[in-house]
Number of protein chains: 2
Amino acid sequence: MRGHAQREQGQEDGHGQEHGHDHHGHDACGGHGAGDVVERAERLCQTRGLQFTRLRRDVLAAVAAEHKPLGAYDIAERMSAPGRRVAAVSVYRALDFLTEQGFVHRISSRNAFVSCGHDHGEGAGLVFLICRTCGGIDEMTAPAVESALDQTLAGAGFTPTSRILEVEGECGACRGRGDAGENA
Amino acid sequence: MRGHAQREQGQEDGHGQEHGHDHHGHDACGGHGAGDVVERAERLCQTRGLQFTRLRRDVLAAVAAEHKPLGAYDIAERMSAPGRRVAAVSVYRALDFLTEQGFVHRISSRNAFVSCGHDHGEGAGLVFLICRTCGGIDEMTAPAVESALDQTLAGAGFTPTSRILEVEGECGACRGRGDAGENA
DNA sequence: GGTGGGGCTGATACACTGTAACATGGACCG
DNA sequence: CGGTCCATGTTACAGTGTATCAGCCCCACC
């Protein structure tokens, strides 16, 4: 799947952010769209005294436009256009910034990134639900899981600084449709 | 070619007070050593009617010899010797096999692998504890976390097929020693 | 005994992911 | 105007993982 197989034509020159893919339930996200994410990030950067540059904005917009994990090279490709070539390394730098600020998250199991519209801190126990069928991803907080994990870690004498919790499977929407390829 | 590994390797013990990697009590693992892991794997392969070849055995032994995540190229390097050159691709294939059989686990956040002496199924909710200070890794089962996660997923209508739960931080031994910044 | 197939390994090449190092340009400050 | 900091552009390269073809070994089968 690593590849440039499908690119839903999303954006021309201007970055019109139509969000026409709600293939997955996506309830937990609170229903914010790409534009909301970008706006919120811009506000927060002002608050924090950080530069929300065009590159960073565009990278965030590109990630937010898709509700599935995007690789850095995918992002670079989507942002590039006749007249503007965006190198992957630039995307990585923007991604570093956005990740630090909590605007995007890295999905280790996919070497990819997703945008985040929440305002949880870095320490929040996030769970990522990745659908094998539609490729969509959902992010949610799970206090019960978090506290159970905290207790487990404390029992092991381990002091956590960061966590990764990614679940792969089939989302409700795909299961309902029986998209798996068989099943019924 | 790639034999350019600048990464910390070796660092086997060799001093009485090794800040190496048998830091963790490692109780959860049942105290098995590398040999145990290999033996167990051999038995299970026989039971399952699978080939436990020399390559696979050696790869497993190499991984089991270190109690920290090892990259595929690291493994290849360690296994190579005058007279036997092991290509990374071979290691990957062996690793695929070993992972499928549950003898090793992949650590997504590190692009690396660790051996496993447990006999849990693939579905078990494993937690990996990676110490930033000593680089050691511990694996444990956490039923409470697992059940909380199951419930959360069920509530979201998500059907899981695999999970990744990796925690980075500082293990008890390192914290006790205050290894955080000093020492090198 | 010969033969063919399947699984394992060797080897080369390549694709994808990520980082280092250096140069440029703009904003701010003296 | 000159200097510094930050962000970006650019090139090169390291690290991770796969595709592909070829040789080998074991074993069933003839």
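Numbers restart at 1 for each chain; the letters A, B, ... are given by sequence-line order, proteins then strands. Treat the numbers as computed from the prediction; the structure is a model and nothing was measured.
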Should side-chain heavy atoms under 4.5 Å link Ile, Leu, Val, Met, Phe, Trp and Tyr, which residues sit in the same cluster as B:Val89?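 Result for B:Val89 is none, singleton.
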Tell me, please, which residues at least two apart from [X] pass side chain to side chain contact (heavy atoms under 4.5 Å, CB included).
X: A:Ser162; answer: B:Arg132, B:Glu168
X: B:Ser108; answer: A:Ser108, A:Ser109, B:Arg106, B:Ile164, B:Glu166
X: A:Ala112; answer: A:Pro69, A:Arg110

| query | For DNA chain D, what residues of residues 86-93 of chain B have any heavy atom nearer than 4.0 Å? | reply |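 When residues 86-93 of chain B is checked for heavy atoms under 4.0 Å from DNA chain D, the hits, listed by number, are B:Val89, B:Tyr92, B:Arg93.
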Take atom [atom1] of [X] and atom [atom2] of [N], then tell me their distance rounded to the nearest Å.
X: A:Glu100; N: D:dA7; atom1: CD; atom2: P; value: 10 Å
X: B:Arg56; N: C:dG10; atom1: CZ; atom2: C1'; value: 15 Å
X: B:Ile107; N: D:dT16; atom1: CD1; atom2: C1'; value: 16 Å
X: B:Tyr73; N: C:dA11; atom1: OH; atom2: P; value: 15 Å
X: B:Asp96; N: C:dG7; atom1: CG; atom2: C1'; value: 15 Å
X: B:Leu70; N: D:dG15; atom1: CG; atom2: P; value: 15 Å
X: A:Arg84; N: D:dT8; atom1: CZ; atom2: C1'; value: 11 Å
X: B:Gln101; N: C:dG7; atom1: CD; atom2: P; value: 14 Å

Pairs touching residues 125-168 of chain B that satisfy ring-ring contact (aromatic ring centres under 6.0 Å, His included), sequence neighbours left out:
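Matches after skipping sequence neighbours: B:His105-B:Phe128.
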field: Distance-minimising heavy-atom pair for A:Arg163 and A:Gly125
entry: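 What the structure gives for the nearest pair is NH1-CA, 4.4 Å.
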Only distances under 3.5 Å count here; give the side-chain donor-acceptor pairs of residues 47-64 of chain B to other protein atoms, sequence neighbours excluded, each with its distance to 0.1 Å.
from: B:Thr47; atom 1: OG1; to: B:Arg43; atom 2: O; distance (Å): 3.1
from: B:Arg48; atom 1: NH1; to: B:Gln101; atom 2: O; distance (Å): 3.3
from: B:Arg48; atom 1: NH1; to: B:Gln101; atom 2: OE1; distance (Å): 2.7
from: B:Thr53; atom 1: OG1; to: B:Arg56; atom 2: N; distance (Å): 3.4
from: B:Arg56; atom 1: NH1; to: B:Gln51; atom 2: O; distance (Å): 2.8
from: B:Asp58; atom 1: OD2; to: B:Arg84; atom 2: NH2; distance (Å): 2.4

- request: Output every pair passing salt bridge (Lys or Arg N to Asp or Glu O under 4.0 Å) with a member in residues 86-98 of chain A, not counting sequence neighbours, ordered by first then second residue.
  value: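 Matches after skipping sequence neighbours: none remain.
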Checklist entry - Does B:Arg106 put a side-chain nitrogen or oxygen below 4.0 Å from OP1 or OP2 of D:dG17? => result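 The answer is yes; a side-chain N or O of B:Arg106 sits under 4.0 Å from OP1 or OP2.
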inquiry  = Below the 4.0 Å mark, does D:dA7 have OP1 or OP2 next to a side-chain nitrogen or oxygen of A:Arg57?
reply    =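 False: A:Arg57 side-chain N/O out of range (4.0 Å or more) of D:dA7 OP1/OP2.
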Exercise for the section: Could you check which residues of residues 43-55 of chain B get a heavy atom under 4.0 Å from DNA chain C? Sort them by number, please. Expected result: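 Under 4.0 Å from DNA chain C: B:Gln51, B:Thr53, B:Leu55.
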task: Answer yes or no: is there a donor N or O on one side and an acceptor on the other, between the side chain of A:Ser90 and the main chain of A:Val86, under 3.5 Å?
output: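 The answer is no, because no donor-acceptor pair under 3.5 Å joins these two groups.
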Q: With sequence neighbours left out, write down each residue that passes side chain to side chain donor-acceptor pair (under 3.5 Å) with A:Thr159, or none if nothing qualifies.
A: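 Per chain and number, A:Thr159 pairs via side chain to side chain donor-acceptor pair (under 3.5 Å) with B:Arg175.
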Can you tell me which nucleotide in D:dT16, C:dG18, D:dT11 comes closest to the side chain of B:Asn111?
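Between D:dT16, C:dG18, D:dT11, the one nearest the side chain of B:Asn111 would be D:dT16.
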Run the salt bridge (Lys or Arg N to Asp or Glu O under 4.0 Å) check on A:Lys68 and A:Asp74 step by step: do they pass? CA-CA 12 Å; A:Lys68 59 184 183 184; A:Asp74 280 332; over 6 Å; no
Produce the list of close N/O pairs, under 3.5 Å, pairing protein atoms with atoms of nucleotides 26-28 of chain C; give distances to one decimal.
none

